[in-house]
Every structure is written in C-alpha cells, then in structure tokens.
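For this chain, numbers begin at 1 and follow the sequence in order.
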Amino acid sequence: QVQLVESGGGLVQPGGSLRLSCVGSGFTFSSHHMNWYRQAPGKERELVATITNTGSSTTYAESVKGRFTISRVNGKNTVYLQMNSLKPEDTAVYSCKNSWNYWGRGTQVTVSS
C-alpha cells in the first residue's frame, strides 16, 4: 500500500535549522510531484513547497521563500525540506503529499526559545 513517512521534526530555537524527510513506498516515487504542507493549531493547512517529479522545478509559499529548500533523491524515494532561519510562526505539523493525494501522518516542528 501507499505510505509516506515524515521525520526530522523537533524543537528548535528561533534562527535555527531543521531538515525534514519524507520517504515514500507503494508507488513509483519518481513519477510523482511531491508537496510539503503545514498546519498550525487553529489555522488552515498551507502549501509550503512543491517539487516536480524530476526535481527540475520547485515552488514556495511567499512566507518561506529564501529560507526553505525542497529537494528529492528519487533513488532513495525521499523528498526533503531544509528549513533555515526558523521563526516561531513556522511552528506547525509538517506533512508530505504525493500526486495521488496520499498524505503522511506529519512531523511536529516547534520553534521556540
């Protein structure tokens, strides 16, 4: 069956960095565009970043441009989200999604001093 498993979240101070990973299985990973979303308590889910199946093109939410980088290694069935210069408002559950709209369970990111 299709599975997406995120990891790499945690507690980090403002200005710090984290790298999230999402490993996919049960589908042809290299055929899927991949997305990272986030949802903070009491807020709507937000699309953070998208990468095409080959990795040739990426897009970002305005709120994370210049700070976050999405990348992928198809040979490892993995998509990454490198998050730098983290702010308290980046606190959320981060989830990945494939082109078939399957979701992972998410990983919590908390930015706090």
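With hydrophobic clusters built from ILVMFWY side chains whose heavy atoms lie under 4.5 angstrom apart, Val12 shares a cluster with Val48. One hydrophobic cluster, built from ILVMFWY side chains closer than 4.5 Å, holds both Phe68 and Val79. Hydrophobic cluster membership is shared by Ile70 and Val109, with clusters built from Ile, Leu, Val, Met, Phe, Trp and Tyr side chains linked at under 4.5 angstrom. Hydrophobic clustering keeps Val23 apart from Trp36 (ILVMFWY residues linked when any side-chain heavy atoms are closer than 4.5 Å, directly or through intermediates). Cluster annotation: Val93 is not connected to Met83 through the hydrophobic network of ILVMFWY side chains, with a link wherever side-chain heavy atoms come within less than 4.5 Å.
Nearest heavy atoms, Thr78 versus Ser21: CG2-CB, 4.2 Å. Between Ala92 and Ala40, the shortest heavy-atom distance links the atoms CB-N, 3.8 Å. Residues Leu4 and Asn98 approach most closely at CD1-N, 3.9 Å, considering heavy atoms.
Residues in residues 17-43 take part in these salt bridge (Lys or Arg N to Asp or Glu O under 4.0 Å) pairs, two or more places apart or across chains: Arg38-Glu46, Arg38-Asp90. Screening residues 88-113 for ring-ring contact (aromatic ring centres under 6.0 Å, His included), with sequence neighbours left out, gives His32-Trp100, Tyr37-Trp103. Counting only residues at least two apart or on different chains, the disulfide (SG to SG under 2.5 Å) pairs with a member in residues 31-112 are Cys22-Cys96.
Looking only at side-chain heavy atoms (C-beta outward), Pro88 and Ser112 stay at 4.5 Å or farther from each other.
Donor-acceptor pairing under 3.5 Å is recorded for the side chains of Ser56 and Thr54. Judged purely by distance below 3.5 Å, without hydrogens or angles, the side chains of Asn35 and Thr50 pair a donor atom with an acceptor atom. One side chain, Ser17 or Asn84, offers a donor N or O that lies under 3.5 Å from an acceptor on the other.
Taken from CZ in Arg72 to CG in Asn74, the straight-line distance is 4.5 Å, to the nearest 0.5 Å.
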